Amino acid sequence: MTEFTAKLLSIIKSIPMGSVSTYGRIANLAGNPRAARQVSWVLRVYSEKLSLPWHRIINSRGRISLRKGQGFELQKALLEEEGIIVGHNGEIDLNKYLWNDNL
DNA sequence: AACCTGACTTCGG
DNA sequence: TCCGAAGCCAGGT
């Protein structure tokens, strides 16, 4: 994998429980604001093998990107287990849960 | 090397 | 708010 991908993995693994981050923000922290799509690719490929907290990643609109029947329910459940309030359509209050560590 | 594929994002209507 | 188009990125074929 590329150095950039390694950075993404490192950042993803550091998202604390009870918080969420977005594809774009992670790409930004890794040094490339426009690589949001790469983040989704990384999650799909490495989440299981590396036990990534993939469920803590949502889109810039503050909603779960996965479709119902294709992971949506699981992600919603995992987030709620961490105390995060998720609306019926996957809406999450970014002002309240967004991980702001360094930015 | 060319072309396709996303769990994306931003912008305009 | 919703929809489509365009931009962008690394990997896989």
Side-chain angles (χ1 to χ4, degrees):
Chain A
M1 68 174 81
T2 63
E3 179 188 354
F4 180 68
T5 297
K7 277 189 180 180
L8 289 179
L9 289 172
S10 171
I11 294 169
I12 292 171
K13 285 188 287 189
S14 65
I15 300 173
M17 179 166 129
S19 295
V20 300
S21 194
T22 67
Y23 302 91
R25 192 186 221 23
I26 291 173
N28 191 47
L29 291 174
N32 190 333
R34 302 168 190 169
R37 305 192 72 169
Q38 182 63 11
V39 176
S40 65
W41 182 88
V42 166
L43 292 180
R44 186 166 50 101
V45 175
Y46 298 103
S47 61
E48 183 172 4
K49 197 175 187 65
L50 302 181
S51 300
L52 302 176
W54 60 272
H55 55 287
R56 299 184 188 136
I57 317 295
I58 59 179
N59 61 41
S60 65
R61 290 174 291 180
R63 307 178 63 187
I64 290 177
S65 279
L66 290 175
R67 296 193 176 186
K68 294 181 178 176
Q70 301 191 70
F72 175 92
E73 291 81 358
L74 174 59
Q75 179 166 17
K76 181 172 181 292
L78 289 172
L79 288 172
E80 294 177 326
E81 279 179 29
E82 300 188 354
I84 295 175
I85 298 173
V86 184
H88 293 80
N89 287 336
E91 323 90 301
I92 294 169
D93 187 348
L94 287 178
N95 294 312
K96 187 173 182 181
Y97 304 111
L98 184 61
W99 177 49
N100 262 318
D101 205 81
N102 31 353
L103 192 59

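As the structure is a computational prediction, the values presented were derived from the model and not from experiment. The chains referred to below are lettered A, B, ... by the order of the sequence lines, with proteins before strands, and numbering in each begins at 1.
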| query | Side chain of A/N89, backbone of A/E91: donor and acceptor closer than 3.5 Å? | reply |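 Side chain of A/N89 to backbone of A/E91, a donor-acceptor pair under 3.5 Å: no, none is there.
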
| said: Looking at A/Q75 and A/I57, would you say the former's side chain and the latter's main chain have a donor-acceptor pair under 3.5 Å? | reply: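 Checking the backbone N and O of A/I57 against the side chain of A/Q75, a donor-acceptor pair under 3.5 Å is found.
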
| field | Gap separating the CD1 atom of A/I11 from the CG atom of A/L52, nearest 0.5 angstrom | value |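 Reported value, rounded in 0.5 Å steps: 12.5 Å.
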
| field | Spatial distance of atom CD (A/E48) from atom CH2 (A/W54) [nearest 0.5 Å] | value |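 Going from the CD atom of A/E48 to the CH2 atom of A/W54 covers 11.0 Å.
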
| query | With respect to the phosphate group of C/dG11, does any side-chain polar atom (N or O) of A/T5 fall under 4.0 Å of OP1 or OP2? | reply |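 Yes, A/T5 has a side-chain N/O under 4.0 Å of OP1/OP2 on C/dG11.
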
| message | Between A/T2 and C/dA10, is there a contact of a side-chain N or O with OP1 or OP2 at under 4.0 Å? | response |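 Checking C/dA10 against A/T2, no side-chain N or O comes under 4.0 Å of OP1 or OP2.
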
| field | Rounded distance in Å between the P positions of B/dG12 and C/dC8 | value |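 Here B/dG12 and C/dC8 have their P atoms 15 Å from each other.
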
Nucleotide [N], atom [atom2] - distance to [atom1] of [X] in whole Å:
X: A/N59; N: C/dC8; atom1: CG; atom2: C1'; answer: 17 Å
X: A/F72; N: B/dA7; atom1: CZ; atom2: P; answer: 16 Å
X: A/Q70; N: B/dG6; atom1: CD; atom2: C1'; answer: 12 Å
X: A/K7; N: C/dA10; atom1: NZ; atom2: C1'; answer: 15 Å

| What's the verdict on side-chain contact (heavy atoms from CB on, under 4.5 Å) for A/I85 and A/K96, showing C-alpha distance, side-chain angles and the deciding distance? | CA-CA 10 Å; A/I85 298 173; A/K96 187 173 182 181; 4.1 Å; yes

| request: Tell me which residues in residues 30-45 of chain A put a heavy atom below 4.0 Å from DNA chain C, sorted by number, or none. | output: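 Heavy-atom contacts with DNA chain C come from A/N32, A/R34, A/A35, A/R37, A/Q38, A/W41.
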
| task | Answer yes or no: is there a side-chain heavy-atom contact under 4.5 Å between A/I58 and A/Y97? | result |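 Of all side-chain heavy-atom pairs linking A/Y97 with A/I58, none is under 4.5 Å.
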
